[in-house]
Amino acid sequence: MIKKHIIHLCALLALGGGFSSCYKDDSVESTRPLSSITLADGATIADSYMADFGQEFVLNAPDVKQAHETFPLTYRWEIYPPTTKESEGARSLPQIQTNRELRLPLKIYGTYDVILHISNADNTYIKRFKVVVPTAYRVGLYALLNRSDKPEIGYIPAAGYDSSKESETYKEGLQLNNPVAGSFAGFPAAPSSIASFQSLQDRYITLTLVDGNTYLLNANTMQVLLRDPFKAAEGEATLVSLYSGSFRGIIRNGQFYSYQSSSYFYARRPRGQYLVDQRYPGTLFSAQSVIATTALGDAAVLYDETRGVLFLMQAGNFFRYQPTSSNLGSDASYRKWQDGKLSAMASYGERNQVALLMQSKTNAANFFLARFSFASGTRTEPIAFAGLQDIPLTLGVDASSRIASHRDILYLSAGHQIYAYVAGSTSFPTSPLITLPQGQRVVQMLTRVDGSNTYLYIATTDGTTSSIYYYDVTSGSTSSQVWAKTGIAGKILNIDFRLS
């Protein structure tokens with residue numbers, strides 16, 4: 001009976017206009033729109049922030065609004081520090097923070113890449129930005145100073161020195177950042193040297209002192225990182241560096257050592273030892289007898305003071321050039337060469353020629369320039385004689401004179417004056433290109449090309465204080481002083497470029 005009533009009810013429902021199951025529910029769960037995340041009205045987050053080294057960078061995640069439905073929020077900061085020499089350019093795993101507030105200790109100069117994730121149950125808001133930590137030392141000029149027998153490094157930016165912005169345009173940081181007594185074993189008043197070079201975003205200075213040690217410094221903090229294993233007993237050291245940073249070497253006890261790419265210091269075994277030490281024992285190279293050149297890649301020209309012989313070092317090989325009456329063109333030229341001893345040396349032209357300032361052994365007042373050209377793969381003999389020119393006594397050139405160059409112009413210092421000599425000319429200029437204050441002795445000169453202009457850095461000392469002068473010498477025959485930093489405490493020993 002009950003079964004018949006159920007059948008009748010279903011039939012009545014069907015007649016009412018539609019069929020519906022009496023016990024089976026085919027309906028689905030209702031849907032809802034996803035909760036999106038956008039910045040709240042007025043909230044912002046920049047694409048880039050500037051911050052100071054050594055500080056803690058603090059940033060709150062911006063306020064956001066959620067559409068349709070509000071859920072709890074989570075935060076994730078992915079932090080990629082500046083590339084370091086250890087990572088060799090590879091993108092390392094990020095540092096992770098999960099608080100709403102980012103707290104980032106800035107222990108590395110450079111750019112931190114940061115990715116912020118703000119998430120709810122449905123969506124994630126993502127923002128990428130940078131935290132830039134600029135160094136106080138950028139493109140510019142380093143100067144190594146001897147101050148009361150302690151080393152100091154001065155720095156002037158490429159934009160130049162401005163006395164109205166003293167703290168911004170002249171800086172020193174070596175002693176400040178290495179305050180512990182004994183950081184440097186000693187600093188006798190003798191030639192020492194500095195060279196700067198770059199490895200990815202880490203920049204380094206190699207500082208060679210005549211205590212027999214070479215130090216590796218962080219060029220952004222001026223802190224000593226390492227000291228090389230040479231002992232003082234192994235002799236005084238002078239660093240040799242080409243300002244492009246592509247070549248580095250060191251002179252110890254008259255022997256030449258080359259920079260090894262696998263180390264930030266120097267190989268104990270001189271490069272080309274078999275050719276030089278065994279075939280020509282007794283070679284002697286001084287601080288002034290090695291120059292580097294870009295013309296042949298990583299190459300150097302060395303002058304052996306024992307025999308008056310030139311060596312061209314390229315790709316780990318040494319090529320020897322022995323001047324003779326035949327290759328110097330006459331007996332007179334050969335006798336002059338044999339009577340000379342080296343005072344200074346510089347490359348010129350397209351950095352494929354070299355000029356040697358030579359002093360007579362028999363008459364110390366007489367000086368001459370000896371010029372040579374060198375090449376690779378274009379002739380059997382890679383070094384060729386280019387000429388000898390006597391320097392007039394009236395110029396006042398002496399053993400402390402120095403040479404710099406731009407193309408075919410050789411800048412020759414004589415006391416507090418600088419002359420511009422066109423290489424190959426039969427006569428020297430009778431008047432100086434630049435006259436500095438009386439009592440200044442030129443320690444080193446470097447040329448810098450900026451666009452179509454040529455500039456000359458001149459580092460000088462009077463024995464107690466030092467100065468750096470910067471001249472525009474574009475015309476070749478006239479000069480104008482751009483700026484000068486004078487009265488620097490201590491004696492400048494040498495200068496070197498920082499190119500990045």
Side-chain angles (χ1 to χ4, degrees), residues 46 48-58 81-85 104-114 130-147 150-180 183-184 193-207 215-226 241 243-245 264 446 448 450 455 457 459 466-470 482-490 492-500:
S48 180
Y49 295 89
M50 300 291 288
D52 293 329
F53 175 82
Q55 303 299 311
E56 184 178 52
F57 177 77
V58 179
T83 305
T84 64
K85 65 182 178 63
L104 176 59
L106 303 177
K107 298 180 179 180
I108 307 175
Y109 286 96
T111 300
Y112 291 77
D113 291 311
V114 183
K130 299 179 182 298
V131 179
V132 180
V133 184
T135 173
Y137 308 97
R138 300 180 186 177
V139 177
L141 187 77
Y142 288 124
L144 176 62
L145 301 163
N146 179 349
R147 182 176 296 164
K150 289 186 178 294
E152 185 54 86
I153 295 176
Y155 165 82
I156 296 176
Y161 172 73
D162 184 342
S163 59
S164 68
K165 301 178 181 178
E166 175 74 22
S167 63
E168 298 177 29
T169 58
Y170 182 76
K171 300 176 184 295
E172 293 178 351
L174 186 62
Q175 294 300 328
L176 177 66
N177 289 286
N178 299 278
V180 179
S183 292
F184 302 99
S193 53
I194 182 175
S196 60
F197 61 98
Q198 178 180 349
S199 174
L200 297 175
Q201 291 187 25
D202 287 337
R203 296 175 177 85
Y204 299 92
I205 297 173
T206 47
L207 175 65
Y215 298 86
L216 182 72
L217 278 65
N218 182 312
N220 295 322
T221 64
M222 293 290 175
Q223 291 178 317
V224 173
L225 303 176
L226 295 170
S241 175
Y243 64 78
S244 70
Y264 287 107
L446 290 175
R448 175 175 178 257
D450 185 0
Y455 299 93
Y457 287 100
S466 298
S467 301
I468 300 175
Y469 299 90
Y470 190 60
V482 181
W483 54 259
K485 168 60 177 171
T486 61
I488 303 172
I492 286 184
L493 300 176
N494 83 302
I495 55 179
D496 191 41
F497 289 115
R498 172 166 173 157
L499 296 182
S500 61

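Only a predicted model underlies this, so the values are computations on that prediction, with no experimental measurement involved.
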Quiz item: Can you name the residues that form a salt bridge (charged side-chain N to carboxylate O under 4.0 Å, His left out) with K130, not counting sequence neighbours?
Solution: D113
Quiz item: Tell me, do Y142 and I495 make a side-chain contact under 4.5 Å, heavy atoms counted?
Solution: no
Quiz item: Mind checking whether V482 and Y469 have side chains closer than 4.5 Å, heavy atoms only?
Solution: no
Quiz item: Quick one: are I488 and S467 in side-chain contact, heavy atoms under 4.5 Å?
Solution: no
Quiz item: Does a side-chain heavy-atom distance below 4.5 Å link F57 with D52?
Solution: no
Quiz item: Can the ring centres of Y470 and Y161 be said to be less than 6.0 Å apart?
Solution: no
Exercise. Spell out, as yes or no, whether a donor-acceptor pair under 3.5 Å connects the side chain of T169 to the backbone of D162.
Key: yes
Quiz item: Side chain of Q175, backbone of P151: donor and acceptor closer than 3.5 Å?
Solution: yes
Quiz item: Looking at side-chain heavy atoms only, is the closest gap between N220 and I108 below 4.5 Å?
Solution: no
Quiz prompt | Contacts of type side chain to side chain donor-acceptor pair (under 3.5 Å), residue Y155, not counting sequence neighbours | solution = none
Quiz item: Which atom names give the shortest non-hydrogen contact between I156 and G160, and what distance separates them?
Solution: CG2-C, 3.9 Å
Practice problem: Could you tell me whether the side chain of I468 reaches within less than 4.5 Å of the side chain of L141, counting heavy atoms only? | Solution: yes
Practice problem: Taking ring-ring contact (aromatic ring centres under 6.0 Å, His included) as the test, write out the residues that go with Y170, two or more places apart. | Solution: none
Practice problem: List for me each residue that meets salt bridge (charged side-chain N to carboxylate O under 4.0 Å, His left out) alongside K485, sequence neighbours excluded, and say none if there are none. | Solution: E166
Quiz item: Taking only residues two or more places apart in sequence, or in another chain, which ones meet A158 in a side chain to side chain contact (heavy atoms under 4.5 Å, CB included)?
Solution: V139, R448
Quiz item: Is there a side-chain contact between V132 and Y49, using heavy atoms and a 4.5 Å cut-off?
Solution: no
Quiz item: So, does E152 use its side chain to make a donor-acceptor pair with the main chain of L174 at under 3.5 Å?
Solution: yes
Exercise. In plain terms, say whether E56 and K107 are close enough for a salt bridge, that is, a side-chain N and a carboxylate O under 4.0 Å apart.
Key: no
Quiz item: Within the distance-only criterion (no hydrogens, no angle test), does the side chain of R147 pair as donor or acceptor with the backbone N or O of A489 below 3.5 angstrom?
Solution: yes
Quiz prompt | Side-chain heavy atoms of M50 within contact of P134, under 4.5 Å | solution = yes
Quiz prompt | side chain to side chain donor-acceptor pair (under 3.5 Å) partners for S167, two or more places apart | solution = none
